[in-house]
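Data block below; observations after.
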Amino acid sequence: MLKILIVEDEETIRVGLKYYLEAENFEVIETATATDAILKVQEESVDLILLDINLPDMDGYQVFDQIKKVKDIPIIFLTANDLEISIVRGLDMGADDYITKPFKARELISRIKNVLRRSSKGNDSVITMKDVKIDMKQAKVFKNGIDVMLTALEYKILLILALNPNVVFSREKILADIWDVNEAYVNDNTLTVYIKRIREKIEDNPNEPEIIETVRGVGYKVGGSC
Ligand code: CA
């Protein structure tokens, strides 16, 4: 049974989360403070952490740093602050995902499962697509051995597709995987722009992409030829 640690000072949220996660057969431990969270991580084997950003004794970013120094456990930030800046800050730090409160239980569960799936592939942490390699441990992308600079969002989009070769992702599904359902930072048009930018960075010829293929009228996929 996979064990999830909830770090959240609001009791109602904590209790609700525990209920949903246990219903999904996760083992749940919980705490309301950063200090106790850091102790628990050292004492127990935890598979994933849900980490509130605003805690009474420390902010979530500091907790994140302290935990990651000791153990490489996937962390999903719970944030009440939906400013893009704080989201990007979280992702740049290496957070595995984030979710904005209030969230839907179904959405959270699917994000948790995604993150767990990604991290279990962490043992085999390099994905190769033609001359492009994604090193998931370093969160870096290389083309012909040369470091390709992707933004946090571009990296995330590429990773979603690359982790699921031959699976066609609708535009809606990509947007939902990146953002909470109600977020509007990336709309349909901006997604097109992001895909274009990623292609310019990783494809030999961005106009005839061979890595990220467009599936007309449906969405995108990383093709089987990779
Ligand atoms: Ca809080």
Side-chain angles (χ1 to χ4, degrees), residues 1-119 122 139 151-153 155-156 159-160 175-186:
M1 204 184 240
L2 293 169
K3 197 190 285 180
I4 297 184
L5 169 63
I6 303 170
V7 189
E8 165 67 73
D9 57 321
E10 277 173 63
E11 195 185 358
T12 43
I13 297 182
R14 219 170 51 233
V15 169
L17 277 173
K18 188 172 194 298
Y19 171 83
Y20 286 121
L21 293 172
E22 285 179 347
E24 292 286 324
N25 289 318
F26 290 109
E27 185 182 344
V28 177
I29 52 176
E30 47 174 311
T31 179
T33 69
T35 321
D36 188 43
I38 292 163
L39 277 178
K40 280 200 159 59
V41 166
Q42 286 163 355
E43 285 165 1
E44 307 206 27
S45 102
V46 173
D47 296 290
L48 183 139
I49 301 168
L50 296 175
L51 178 58
D52 182 24
I53 299 219
N54 298 302
L55 292 163
D57 52 338
M58 220 185 270
D59 82 40
Y61 300 117
Q62 291 170 284
V63 184
F64 179 94
D65 276 342
Q66 296 218 15
I67 289 174
K68 287 282 182 176
K69 263 184 226 157
V70 190
K71 282 188 182 173
D72 189 20
I73 303 170
I75 294 180
I76 298 179
F77 278 123
L78 304 174
T79 172
N81 182 353
D82 59 358
L83 294 174
E84 188 175 21
I85 187 95
S86 83
I87 289 163
V88 170
R89 181 173 167 201
L91 293 176
D92 281 346
M93 290 175 78
D96 296 274
D97 209 343
Y98 60 86
I99 191 154
T100 309
K101 292 183 269 190
F103 42 76
K104 295 191 179 82
R106 197 162 35 91
E107 170 77 4
L108 180 70
I109 301 286
S110 101
R111 278 162 183 261
I112 288 173
K113 288 183 175 170
N114 266 332
V115 167
L116 286 170
R117 201 167 53 230
R118 285 206 301 261
S119 73
T151 64
L153 248 185
Y155 177 75
K156 226 176 165 208
L159 199 58
I160 289 168
L175 292 171
D177 278 3
I178 308 174
W179 302 111
D180 294 346
V181 181
N182 297 322
E183 301 288 349
Y185 302 122
V186 177

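First listed ligand is number 1; within each ligand, the first listed atom is number 1. Sequence positions, counted from 1, serve as the residue numbers for this chain.
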### Task
Please name the pair of heavy atoms, one in Ile6 and one in Lys18, separated by the smallest distance, quoted to 0.1 Å.
CD1-N, 3.7 Å

### Task
Search all heavy atoms of Leu55 against all heavy atoms of Leu51 and return the closest pair with its distance.
CD1-CD1, 4.0 Å

### Task
Could you please tell me which protein N, O or S atoms lie under 3.0 Å from the Ca ion (ligand 1)?
Asp9 OD1, Asp52 OD2, Asn54 O

#### Entry: Electrostatic pair Asp96:Arg111 at N-O distance under 4.0 angstrom
no

#### Entry: Note, Val41 side chain near Ile73 side chain (heavy atom, < 4.5 Å)
yes

### Message
When you compare the side chain of Leu2 with that of Leu48, does any pair of heavy atoms fall below 4.5 Å?
### Response
no

### Task
May I ask you to decide whether Arg14 forms a salt bridge with Asp52, counting only side-chain N to carboxylate O separations under 4.0 Å?
no

